[in-house]
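The structure appears below as structure tokens.
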2 protein chains.
Amino acid sequence: MSDLLERLRERGWRLTAQRRVVAEVLDGEHVHLTADEVHARAIERLPEISRATVYNTLGEMVGIGEVIEVATDGRAKRYDPNAHRPHQHLVCSRCGTIRDVHPHGDPLASLPAEERFGFAVADVEVTYRGLCPDCARAAA
Amino acid sequence: MSDLLERLRERGWRLTAQRRVVAEVLDGEHVHLTADEVHARAIERLPEISRATVYNTLGEMVGIGEVIEVATDGRAKRYDPNAHRPHQHLVCSRCGTIRDVHPHGDPLASLPAEERFGFAVADVEVTYRGLCPDCARAAA
DNA sequence: TCTTGACTTGGACAAAGTCCATTGTAGGAT
DNA sequence: ATCCTACAATGGACTTTGTCCAAGTCAAGA
């Protein structure tokens, strides 16, 4: 059983076939998938799983902090199972590929109190953009 | 006439009433509006303006770099007329409101070479998230 | 003022996501 | 082992956000 599923069970969640499949799909991919991509891969293992269940399950996992929701553009959100370790994203501005990266320092610290405007700042998201090696070569 | 409109005219664009109104609405707000919010405000000044025209005009302004498109969540994109000055965004995780902020330091510097994986990193986007004062009050 | 090609319009369409009444079932109780 | 029942899954309607297009309109140069 995947670590993710194990953690869900420890939280008292029912282990249904649907949740198992969604967790396995997420854990099994190196790239960050959209909800519909998760659904497509889940269907290969459990043909009757519904779109609503995939959305529900992803939303629940995000809600308890096991999975991170990433919206890098106006298109579909992507789901990142590496929530256990703080990291940021490096996105290719041409092909959209996402890599996890681990920069130095705490980016939250760079926002001084007088720039917080009364917000209770809880989190910071950092997205680096540039051309990936493949696209740089193709563009040359 | 707003600076934005002036710059559009210099690029050879036809100055229609619709484009004028969209530019005025964008320039006149301190927050970053969604396309539909721009449309709603535009209608107050020019009742027959269509949704398609607002989307077209915003897209054109983004295309030439006069306006920045901000997709901070899976909801509607927001449009930021302050393209001339580098800044980051502070987003309410409940209602989606956006404020411009100006943190200390250069966030690009925090990504060391060995974490760039051959990418030609050109830009970094920083989004702080938290509850805005209004939503914090509503949630209490 | 006339002409013309760029601009606008409204409605159909599409993608992404939410909602809800109904049906099914995991897992504790017996 | 089986029964219960609260929690979960289903699927289809609905909403939001955005795109597309054929037809009509108009800004601005000749």
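Numbers restart at 1 for each chain; the letters A, B, ... are given by sequence-line order, proteins then strands.
- We find that CD of B/E60 is positioned 7 Å from P of C/dC7, with the value rounded to whole Å.
- Here D/dA27 presents its P atom at 16 Å from CG of B/L8, a figure rounded to the nearest Å.
- Picking from C/dC7, C/dG11, D/dA9 the nucleotide with the shortest atom distance to the side chain of A/R19 gives D/dA9.
- Here the straight-line distance linking atom OH of A/Y55 with atom CG of A/D36 works out to 4.5 Å at 0.5 Å rounding.
- No hydrogens or angles were tested; on distance alone, nothing pairs the side chain of A/R14 with the base of C/dG28 as donor and acceptor under 3.5 Å.
- As rounded to whole Å, 13 Å separates atom C1' of D/dT19 from atom CD of B/E69.
- Comparing B/W13 and A/A76 along DNA chain C, the residue whose closest nucleotide (by nearest heavy atom) sits nearer the 5' end is B/W13.
- Among the protein residues, A/T16 comes within range of the sugar-phosphate backbone only, with heavy atoms under 4.0 Å from sugar or phosphate atoms but none that close to a base.
- For A/I49, counting side-chain heavy atoms from C-beta on, the closest listed nucleotide (D/dT10, C/dA26, C/dG10) is D/dT10.
- At a cut-off of 3.5 angstrom, counting only N and O atoms as typed in the model, there is a donor on one side and an acceptor on the other between the side-chain of A/R51 and the base of C/dG17.
- Side-chain N/O atoms of B/R75 include none lying less than 4.0 angstrom from OP1 or OP2 on D/dT17.
- Distance check: A/R45 CZ to A/E24 CD gives 5.0 Å after rounding to the nearest 0.5 Å.
- When the nucleotides C/dG17, D/dT17, D/dG18 are ranked by their closest atom to the side chain of A/Y55, C/dG17 comes out on top.
- Distance, B/L58 CG to D/dT19 C1': 14 Å, rounded to whole Å.
- For the pair A/L33 CG and C/dA16 P, the computed distance is 14 Å after rounding to whole Å.
- Look at A/S50 and you won't find any side-chain N or O under 4.0 angstrom from OP1 or OP2 of D/dG11.
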Item to complete: Evaluate salt bridge (charged side-chain N to carboxylate O under 4.0 Å, His left out) for B/E69 paired with B/R78, printing each intermediate quantity in order.
Response: CA-CA 6 Å; B/E69 199 174 63; B/R78 291 173 180 272; over 6 Å; no
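- If you take CG on B/D123 and OH on A/Y128, they are separated by 11.0 Å, rounding to the nearest 0.5 Å.
- Across the protein-nucleic acid pair, B/H39 atom NE2 and C/dT9 atom C1' stand 10 Å apart, rounded to whole Å.
- Closest to the side chain of B/L15, out of D/dT10, D/dA28, C/dT8, is D/dA28.
- Counting only heavy atoms from C-beta on, A/Q18 has its side chain closest to D/dT10 among D/dT10, C/dG17, C/dA26.
- Summarising the geometry, the separation between CG on A/N56 and C1' on C/dA21 is reported as 14 Å, rounded to the nearest angstrom.
- Between B/H87 and B/H32, the two ring planes are tilted [angle within 30° to 60°].
- Atom CD of B/E48 and atom C1' of D/dG24 are 14 Å apart (whole Å).
- Nearest-nucleotide positions on DNA chain D place A/G12 closer to the 5' end than the other of B/K77 and A/G12.
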